[in-house]
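Step one of this worksheet: look at the structure below.
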Amino acid sequence: MTDRRTFMRGALGVGVAGAVLAGAPSGRATATPAPVADPVVAFHGAHQAGITTPQQRNATLVAFDVLAADRRELTGLVRTLTERARFLTSGGTPPEVGIGAPPTDSGVLGPTVPADGLTVTVGVGASLFDGRYGLADRKPAGLTPMRDFPNDHLDEARCHGDLSLQLCADNRDTVSHALRDIAKHTRGGMQVRWRIDGFVSPPRPSGTPRNLMGFKDGTSNLDVSDSALMDQLVWLPEGGSYQVIRIIRILAEFWDRVSILEQENMIGRRRDTGAPLDGDHELDVPNFAADPVGTSIPLTSHIRRANPRVPQTDGSRILRRPYNYDLGVDSVGDLDMGLVFVCYQRDLAAQFEAVQTRLADEPLVDYIQPVGGGYFLVLPGVRDVDDYFGQTLVG
Amino acid sequence: MTRPAWPSAARRALLAAIVLLPLAGCTSDPAPDASPSTAEVAPPAAESVMGIARSVCGTSWTGHGGDRTFLVKNTDTVTTDVELVDPGNGAVYAEVESLAPGTTRSLRVRLGHGAYALRCLPEGVNMLTGPTVRITDGPQDGTPAVLPVDDQDLTGAVGRYRKGVTAGLAVLSDDVAVLRRALHHGDRADARTAWLTAHLGYERLGAAYGTFDEFADRIDGLPDSLPGGVHDKDFSGFYRIEYGLWHGESPSSLAPVGDRLASDVAKLRHDFPEQRTDPMDLPLRAHEILEDTLQSQLTAAADQGSGTGLATAEANLDGTQAVLDAIAPVMRSRYAGWDQVGVWMGRARRLLKDARRPGGGWTPVASLKTIDRRRLDGTIGALLEELAPIAAIGETRRTS
Ligand code: HEM
């Protein structure tokens with residue numbers, strides 16, 4: 001955890017210790033039981049957490065339809081969302097409601113809720129800017145509904161949404177607790193439209209974690225510590241970013257019947273080490289210029305199409321933050337697994353769509369099927385205790 | 001949980017032996033931060049253990065506002081309830097129920113400005129109240145106190161509710177008679193109309209989770225739990241008739257099921273005056289009727305072919321309203337969210353009305369537009385969140 005937004009908090013032994021909170025004076029810290037490290041990712045800031053902060057092991061991506069009756073209720077909804085996110089990402093003891101109501105918290109994480117590195121990232125979809133809330137004239141020009149690309153197999157029930165929520169944490173129960181809490185507190189204001197859960201594998205055996213095709217995924221990505229690069233390719237001037245979610249099924253059985261040579265040529269990297277096919281080590285940089293006809297790395301390979309590494313395509317680079325998913329079985333008994341492809345950028349058309357267009361008809365398409373997802377505008381960060389998600393938008 | 005307030009003579013002899021140790025104190029903490037946002041995320045300070053005299057409930061605790069955890073130990077041989085109350089009116093801030101002898105449990109509360117006292121209610125013994133502690137520092141508002149509800153408070157509500165059910169049962173038995181005749185007569189359209197009227201009459205009674213005992217299963221049982229499903233010989237009642245009328249069975253072949261239904265309804269009507277209504281059931285039912293609607297009707301799981309789940313949902317709203325009307329005098333002053341219940345009831349009602357077909361028919365749940373269905377589910381969900389506290393407040397407690 002090297003990101004400066006992330007720090008360890010002395011958390012609780014038996015519910016008796018104090019905690020040092022983001023921005024709070026440290027007067028309440030007590031020494032009693034040996035504190036267990038509880039990672040906290042700061043909630044307040046110019047940007048929302050969950051984009052350039054270190055990727056946690058577990059995630060849930062959820063799209064909602066907003067039910068709020070009018071603009072005033074919509075404002076109430078985003079305020080509630082802010083309060084819940086602030087509490088859940090900081091951790092703490094839920095308030096005691098007394099005898100007049102069921103407990104406010106599910107208790108899934110124990111009597112004191114740990115932060116557990118939770119991040120709550122909120123985005124809004126183009127459909128929120130229709131006539132319902134008088135927001136049509138505030139719709140950001142770059143926010144469009146997700147396109148149906150060649151080779152897509154989109155299921156309408158798993159596409160789009162008024163609002164997106166990306167919940168990530170180190171442990172599965174924390175993510176599940178957060179969703180349950182937010183759904184309870186926003187009941188009637190929004191309703192789940194679709195949901196997909198994902199995980200990041202541990203390094204096998206080292207380096208970048210692997211996806212369910214068996215390949216290291218994330219080797220070549222934008223450097224999040226380069227803030228100039230983030231301002232250039234990820235952050236909008238107001239502090240937000242465009243989010244793409246694509247639920248992409250991997251036809252695992254079919255893929256497993258493909259020779260290793262063919263697999264590696266489709267990706268453009270070695271499966272075992274993750275090295276580009278013209279290199280020895282995972283972090284070797286592919287040299288496409290030295291291989292103009294694709295002798296070692298085929299011209300149609302995924303990495304070559306996705307990032308040709310020429311000046312003209314530099315501006316289309318994206319920040320990928322994907323998760324693996326493993327959902328069960330389909331009607332013929334094949335495994336339903338794949339990749340929750342998530343990426344962030346300043347410009348949907350010039351970045352994600354440009355990359356996706358270059359990938360059209362790549363050989364890999366026979367083994368993957370995009371089935372759902374959406375485009376969302378991640379709102380600017382919540383700056384302080386008086387601010388709330390989308391204040392400048394709905395306020 | 002209610003317990004007899006008075007024990008047998010032998011039990012009463014134990015009275016003097018009760019030693020209750022509410023172990024309370026305060027930490028070395030200064031008055032906790034009054035700002036709600038930081039106080040809310042800080043874990044409460046646990047109290048250190050303090051001594052206490054025999055037969056005195058909660059002496060020697062000192063007052064600082066904010067999040068507090070009292071450690072309460074029962075050193076006696078009799079189980080006891082412990083409450084933190086406002087000594088002025090007996091309203092309860094927090095409680096530990098059924099504290100067994102020898103056990104220690106924590107009682108968590110946020111103390112706001114006001115008066116507090118511990119109250120001990122040992123089983124079979126009169127309650128005793130400890131000294132009053134006044135809190136003047138820390139946050140202004142703490143955990144809200146609620147005036148406890150006892151069986152007596154709900155007596156009027158039970159009477160009003162039973163009167164409504166009795167009238168409803170009379171209507172039901174007339175409507176079932178019409179249905180029965182229609183089945184014998186053999187006209188499908190008439191039978192379907194009569195079935196819907198009678199079924200809604202039953203659903204309006206707000207039967208859920210154990211109301212009407214075994215009659216509920218006979219009259220309105222679903223086939224799911226039967227080994228043979230819809231073809232099980234024990235599948236009977238409204239849903240059996242619905243299944244037949246919407247699956248091509250001739251109405252007259254269903255006449256025996258109608259006869260049995262009529263006789264079950266007659267028996268229920270006959271028995272109802274003797275059936276006891278637990279006062280606590282009413283506040284519980286405030287949310288349980290619609291929990292069942294969400295699970296069985298809005299999922300279409302209960303639909304046997306008529307596609308009238310939304311009509312049932314509307315009848316269940318009526319049933320819920322009847323419960324709310326009955327308990328209103330007890331709840332209105334105790335539940336801050338009472339008006340919100342009305343707001344969401346109104347919304348749910350409007351959505352169901354909008355879902356009605358112009359001719360008066362009903363749209364099957366599964367044929368609703370996705371967004372309309374989601375809106376209905378979300379609205380009933382929100383209503384349920386507002387109704388849930390009623391059950392907690394209405395859990396009857398001893399008041400002497
Ligand atoms: C199931 C679907 C996908 C799989 C299994 C997959 C797999 C991979 C793998 C194994 C790599 C090489 C390792 C790395 O550099 O991270 C890679 C790189 C990459 N992929 Fe994908 N990918 C998928 C979908 C997509 C999509 C939808 C896009 C964007 C439209 C995309 C864009 C990229 C980019 C930009 C790179 C980095 C290329 C570079 O800079 O060298 N991928 N992907």
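Excluded from the calculations below are hydrogen atoms, water molecules and symmetry mates; all remaining heavy atoms, backbone and side chain alike, are included. A note on names: the letters A, B, ... follow the listed sequences, proteins ahead of strands, and every chain is numbered from 1.
- Every residue meeting the side-chain contact (heavy atoms from CB on, under 4.5 Å) condition with B/Pro329, not counting sequence neighbours, appears here in chain and number order: B/Arg160.
- Side-chain contact between A/Thr93 and B/Arg108 is present, with heavy atoms from C-beta onward closer than 4.5 Å.
- With a 4.5 Å cut-off on non-hydrogen atoms, B/Arg347 touches chain A through its side chain but not through its backbone.
- Counting heavy-atom pairs closer than 4.5 Å to chain B, the top-ranked of the candidates A/Gly189, A/Ala183, A/Ala101 is A/Ala101.
- Proximity to chain B among residues 67-75 of chain A is limited to A/Leu67, A/Ala69, A/Glu73, judged by heavy-atom separations below 4.5 angstrom.
- With respect to the salt-bridge test (charged N to carboxylate O, under 4.0 angstrom), the residues A/Glu96 and B/Arg110 do not qualify.
- For A/Asp152, the salt bridge (Lys or Arg N to Asp or Glu O under 4.0 Å) test picks out A/Arg246, with sequence neighbours left out.
- Results of the side-chain contact (heavy atoms from CB on, under 4.5 Å) test with A/Ile99 over B/Glu97, B/Glu395, B/Glu95 single out B/Glu95 as the only residue that passes.
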Listing, residues 378-391 of chain B side-chain donor-acceptor contacts under 3.5 Å, not counting sequence neighbours, or none:
residue	atom	partner	partner atom	Å
B/Thr379	OG1	B/Arg375	O	2.7
B/Glu385	OE1	A/Lys184	NZ	3.1
B/Glu385	OE2	A/Arg187	NE	2.9
B/Glu385	OE2	A/Arg187	NH2	2.7

